[in-house]
Amino acid sequence: MLVFIRMGEDPASRVYVGMKEKTAAQLGIESQTIVFPEATAESVLLERLRSLNSDSQTHGILVQAPLPKHISETIVYRTVAPQKDVDGFHPENVGKLMLGDLSGFVPCTPAGVHELLRRSGIEIPGTRAVVLGRGNIVGKPMTAILLQKAPDANSTVTLCHSRTLNIESHCQAADILIAAIGVPEFVKASMVKPGAVVIDVGVNRIPDPTAKKGSRLVGDVAFDEVQPIAGKITPNPGGVGPMTIAMLMRNTVEAASRMAQQS
Ligand code: GUN
């Protein structure tokens with residue numbers, strides 16, 4: 001059983017949790033979604049997490065981010081039992097990844113990007129990778145994955161962020177450029193080395209009076225101008241999203257099988 005927790009009615013979170021539920025059902029993974037009103041006290045959420053931690057029928061727990069402002073993500077992710085932390089956000093799992101101990105859970109989006117690179121036959125060792133964005137969900141763990149001492153990693157990684165000087169020149173040197181910075185169409189053609197692999201993780205909603213909703217989604221990469229230069233590129237929307245979900249399912253199966261072995 002995979003338990004999703006959603007706080008409030010953030011439209012994007014509803015969509016993301018809905019997609020995860022659907023994939024779980026397709027794979028025969030039982031799931032349940034708990035929705036708390038936006039104003040729910042942190043202590044109520046923590047209490048629920050503790051009871052799920054001790055429930056032998058619950059194998060994975062995912063608290064969808066972003067959380068309301070009065071709730072501390074740090075405290076919430078520390079409260080999920082590390083062995084049920086299919087998001088890989090608990091400090092124990094984060095620490096294991098940093099130490100190169102692959103017995104923990106790895107965050108789903110960067111793990112999905114890594115899997116995509118591997119399965120696309122991209123030789124990662126020796127490459128220069130540039131990660132744009134220092135978030136805990138994508139940027140930081142992505143960096144940790146690519147610099148692992150392992151035959152499918154061993155990249156030289158630069159992590160750039162909003163305060164990086166000469167960000168363009170870092171990008172221009174990248175063999176692999178991963179954008180998770182949250183700025184619509186930030187990566188322009190002039191920033192990309194010919195033949196580079198460009199992975200767009202950004203999802204940004206921008207106003208568009210010609211669209212039915214009055215807005216549309218764009219990535220962190222100006223896809224139309226970068227595509228002719230890049231060796232390989234993923235668009236957004238329509239890119240890495242399903243890989244995130246696939247990794248979540250993989251983590252959930254792993255969590256359940258580890259629990260079964262221990263009982
Ligand atoms: N919000 C955006 N990405 C994620 C994710 O991978 N896990 C959770 N829990 N929330 C998210």
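In each ligand, atom 1 is the first atom listed, and ligand 1 is the first ligand listed. Just so it is clear, the model here is predicted, and its values are computed rather than measured.
The shortest distance between side-chain heavy atoms of Q227 and V198 does not fall below 4.5 Å.
Near L62, with a cut-off below 4.0 Å to any heavy atom, the atoms of ligand 1 are 9 (N). Short contacts between ligand 1 and D87, defined as distances under 4.0 Å to a heavy atom of the residue, involve ligand atoms 5 (C), 6 (O), 7 (N), 8 (C), 9 (N). Close contacts of ligand 1 with V63, meaning ligand atoms under 4.0 Å from a residue heavy atom, involve 8 (C), 9 (N).
Residue contact annotation: F89 has a non-hydrogen atom under 4.0 Å from ligand 1.
Of the protein's non-hydrogen atoms, I137 CG2, 3.9 Å is the one closest to atom 3 (N) of ligand 1. Here the protein heavy atom with the shortest distance to atom 11 (C) of ligand 1 is Q64 NE2, 3.4 Å. Given atom 10 (N) of ligand 1, the protein heavy atom at minimum distance is A65 N, 2.9 Å.
Side chains of S103 and K96: a donor-acceptor N/O pair is present below 3.5 angstrom, by distance only.
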Residues D10, S13; criterion side chain to side chain donor-acceptor pair (under 3.5 Å); working and verdict = CA-CA 5 Å; D10 174 50; S13 291; 2.8 Å; yes
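Shown here is Q32, whose CD atom has more than 12 heavy atoms of other residues, nucleotides or ligands within 6.0 Å. Residue R128 qualifies as open at atom CZ: its count of foreign heavy atoms under 6.0 Å is 12 or below.
Atoms CG and CD1, on L67 and I5 in that order, are 9.5 Å from each other to the nearest 0.5 Å.
Residue-to-ligand polar distances keep T244 apart from ligand 1: every N/O pair is separated by 3.5 Å or more.
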